[in-house]
Trainee: 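If you scroll down you'll find the structure; I have some questions about it.
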Amino acid sequence: EFEGRIRAIDDIEQEVEATPSTHGIGCLVLDLVPVKNSLKRLATAWKHDYGSELSALARRDVGHLAQSIEDLRIRMSQDLHDINVVADTVSQMLRQESELDSRLQPILASYDILQRFNIRVSKEDLEVVDALALNRSNLSRICTEAHDRLLVAAPNYKKILIDDISDFEVTVKEFCDEYREKGPNTEGITPRVATERLKYFSKKHFERDRRLEHLRKGEALFGLHPRDYKVLETIGEELRLLSKLYDLYNEVLVGVQMIEETEWYDSDFNVVDQTLTRYRESCSKLPKSLKSFSAYNELKQWLEVLSTVV
């Protein structure tokens with residue numbers, strides 16, 4: 001778009017330049033130099049206005065791209081000693097290299113347009129662009145070296161990954177056994193105990209889920225068949241479901257305590273009624289599978305008693 005507009009103005013400028021400086025009409029000779037100079041100044045001004053806008057856009061893109069190149073360069077220069085870092089780095093390297101090139105080419109094209117049409121570009125901008133192109137070239141070299149290191153170290157990394165997977169399977173089994181024995185959905189425990197167990201197992205599940213995510217990347221990197229951890233996924237779904245119940249339970253518990261501790265003459269009954277209505281609506285929207293828990297029954301009983309009193 002910018003090139004088309006600048007080229008059109010440049011063509012007009014060239015046409016004006018090629019126009020004779022005088023024009024004869026019968027015995028009269030018109031001096032066209034002032035008109036030509038005026039048109040050329042106007043064309044030059046327009047051309048530089050478009051050029052300034054193009055330069056500002058390119059300068060902004062240069063800053064963003066320079067930071068992306070530096071971030072990837074730092075990552076490529078790290079000591080790749082961990083299989084998770086290896087998987088992330090290779091994936092990011094392959095994805096971002098082509099992306100960087102697709103972002104760099106328009107920037108180089110923009111400055112090429114400015115120079116071809118003799119639009120002034122600051123020395124600092126040209127130096128930044130040259131440095132950007134050089135850094136991109138250096139990054140390619142660093143990426144190639146990192147890839148070569150990975151190829152050499154691949155057998156060792158693959159062995160580490162397989163050992164990690166075996167260790168993880170043991171960890172998952174221990175976690176599942178503990179969950180079945182002492183999970184937050186164990187019969188006979190109080191809502192307060194269930195809340196504490198929910199926090200405990202949610203934290204442990206999150207840690208294992210993060211570790212599984214890294215192992216999946218390693219399996220994909222080395223073309224290994226992914227292991228099945230459906231039981232871990234099932235527990236995660238149960239924990240997320242139970243969180244809905246116990247988060248509401250604890251919110252209502254705090255709210256009820258505040259209502260009970262407030263003197264009636266200090267209470268705003270409209271606010272109390274709105275709060276109880278919100279609690280009742282949230283309670284009614286809980287999944288049916290949660291309505292057999294003692295926490296749900298206790299929650300529902302609180303709300304019914306308070307609604308009657310209010």
Side-chain angles (χ1 to χ4, degrees), residues 84 163-216 219 226-264 266-310:
N84 299 324
D163 291 342
D164 283 348
I165 291 174
S166 299
D167 178 69
F168 183 67
E169 289 180 336
V170 173
T171 301
V172 169
K173 183 180 184 306
E174 292 174 348
F175 171 74
C176 293
D177 290 344
E178 184 182 15
Y179 182 82
R180 292 191 189 96
E181 182 182 352
K182 301 177 181 179
N185 55 354
T186 304
E187 292 186 7
I189 62 175
T190 65
R192 198 176 299 276
V193 172
T195 298
E196 293 303 316
R197 292 188 182 185
L198 178 62
K199 292 178 182 177
Y200 170 78
F201 282 101
S202 293
K203 181 176 182 295
K204 294 191 75 171
H205 181 273
F206 175 77
E207 293 168 351
R208 281 145 187 77
D209 203 41
R210 288 291 300 274
R211 187 177 175 191
L212 175 59
E213 181 182 347
H214 290 306
L215 292 176
R216 288 290 191 224
E219 288 174 334
R227 306 297 177 92
D228 182 10
Y229 299 103
K230 287 185 178 179
V231 63
L232 194 62
E233 295 175 8
T234 300
I235 291 176
E237 293 171 1
E238 288 180 4
L239 291 171
R240 285 188 287 274
L241 196 61
L242 289 172
S243 292
K244 294 182 178 180
L245 172 61
Y246 288 105
D247 286 350
L248 179 60
Y249 175 88
N250 289 298
E251 182 184 356
V252 173
L253 176 63
V254 173
V256 168
Q257 289 175 344
M258 291 179 62
I259 292 172
E260 291 177 343
E261 292 171 359
T262 303
E263 298 293 343
W264 287 108
D266 289 331
S267 298
D268 185 332
F269 290 102
N270 287 330
V271 174
V272 172
D273 185 58
Q274 291 173 5
T275 301
L276 291 177
T277 299
R278 180 169 59 83
Y279 288 159
R280 284 195 298 270
E281 290 176 351
S282 298
C283 188
S284 65
K285 292 178 181 178
L286 289 172
K288 290 183 179 180
S289 58
L290 297 175
K291 296 183 179 181
S292 61
F293 285 79
S294 61
Y296 174 82
N297 295 324
E298 190 174 328
L299 180 61
K300 189 176 180 183
Q301 185 178 2
W302 285 343
L303 296 175
E304 288 175 351
V305 170
L306 281 172
S307 296
T308 302
V309 172
V310 173

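It should be emphasised that the depicted structure is a prediction, and the values quoted were computed from it without experimental measurement. The figures that follow rest on heavy atoms only: side chains count, while hydrogens, waters and symmetry mates do not.
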Trainee: How close do Lys204 and Glu178 get, counting heavy atoms only, and between which atoms?
Mentor: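 Between these two residues, the closest heavy atoms are NZ-OE1, 3.0 Å.
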Trainee: Do the non-hydrogen side-chain atoms of Lys244 and Lys285 ever get within less than 4.5 Å of each other?
Mentor: no
Trainee: Which pairs of donor and acceptor atoms, one on a side chain in residues 232-243, lie under 3.5 Å apart (sequence neighbours left out)?
Mentor:
residue: Thr234; atom: OG1; partner: Lys230; partner atom: O; Å: 2.9
residue: Glu238; atom: OE1; partner: Tyr179; partner atom: OH; Å: 2.8
residue: Ser243; atom: OG; partner: Leu239; partner atom: O; Å: 2.9

Trainee: Listing request: all salt bridge (Lys or Arg N to Asp or Glu O under 4.0 Å) pairs with a residue in residues 182-194, at least two apart in sequence or in separate chains.
Mentor: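 For residues 182-194, and leaving out neighbouring residues, there are no salt bridge (Lys or Arg N to Asp or Glu O under 4.0 Å) pairs at all.
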Trainee: First locate atom CD of Glu213, then atom CZ of Arg208, and finally report the distance between them rounded to the nearest 0.5 Å.
Mentor: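 CZ of Arg208 is found 15.5 Å from CD of Glu213.
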Trainee: Which is it for Asp164 and His214 under the side chain to side chain contact (heavy atoms under 4.5 Å, CB included) test, yes or no, and what are the steps along the way?
Mentor: CA-CA 10 Å; Asp164 283 348; His214 290 306; over 6 Å; no
Trainee: For the residue pair Phe175 and His205, categorise the inter-ring angle as parallel (less than 30°), tilted (30 to 60°) or perpendicular (more than 60°).
Mentor: tilted
Trainee: Can you tell me if Asp167 uses its side chain to pair, donor with acceptor, with the backbone of Asp163 under 3.5 Å?
Mentor: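 Answer holds: no.
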Trainee: Using 0.5 Å steps for rounding, measure from the CG atom of Leu212 to the CZ atom of Arg216.
Mentor: 4.5 Å
Trainee: Let me confirm one number: the OG1-CZ distance from Thr195 to Arg197, rounded to the nearest 0.5 Å.
Mentor: 11.5 Å
Trainee: Indicate the atoms forming the closest heavy-atom contact of Ala194 with Tyr246, along with that distance.
Mentor: CB-OH, 3.3 Å
Trainee: Can you find a heavy atom in the side chain of Thr171 that is under 4.5 Å from one in the side chain of Arg211?
Mentor: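 Yes, their side chains come closer than 4.5 Å.
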Trainee: For Asp247, enumerate each residue passing the salt bridge (Lys or Arg N to Asp or Glu O under 4.0 Å) test, keeping only those at least two apart in sequence or located in another chain.
Mentor: none
Trainee: Just to verify, which of Leu248, Val252, Leu290 counts as forming a side chain to side chain contact (heavy atoms under 4.5 Å, CB included) with Cys283?
Mentor: Leu248
Trainee: Any idea which heavy atoms bring Leu245 and Ala295 closest together, and the distance?
Mentor: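 So the minimum-distance heavy-atom pair works out to CD2-CB, 4.1 Å.
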Trainee: If you measure from OH on Tyr229 to CG on Asp209, what distance do you get to the nearest 0.5 Å?
Mentor: 12.0 Å
Trainee: Please check: side-chain N/O of Thr186 versus main-chain N/O of Gly183, any donor-acceptor pairing under 3.5 Å?
Mentor: yes
Trainee: Between Lys173 and Glu169, is the closest basic N to carboxylate O distance under 4.0 Å?
Mentor: no
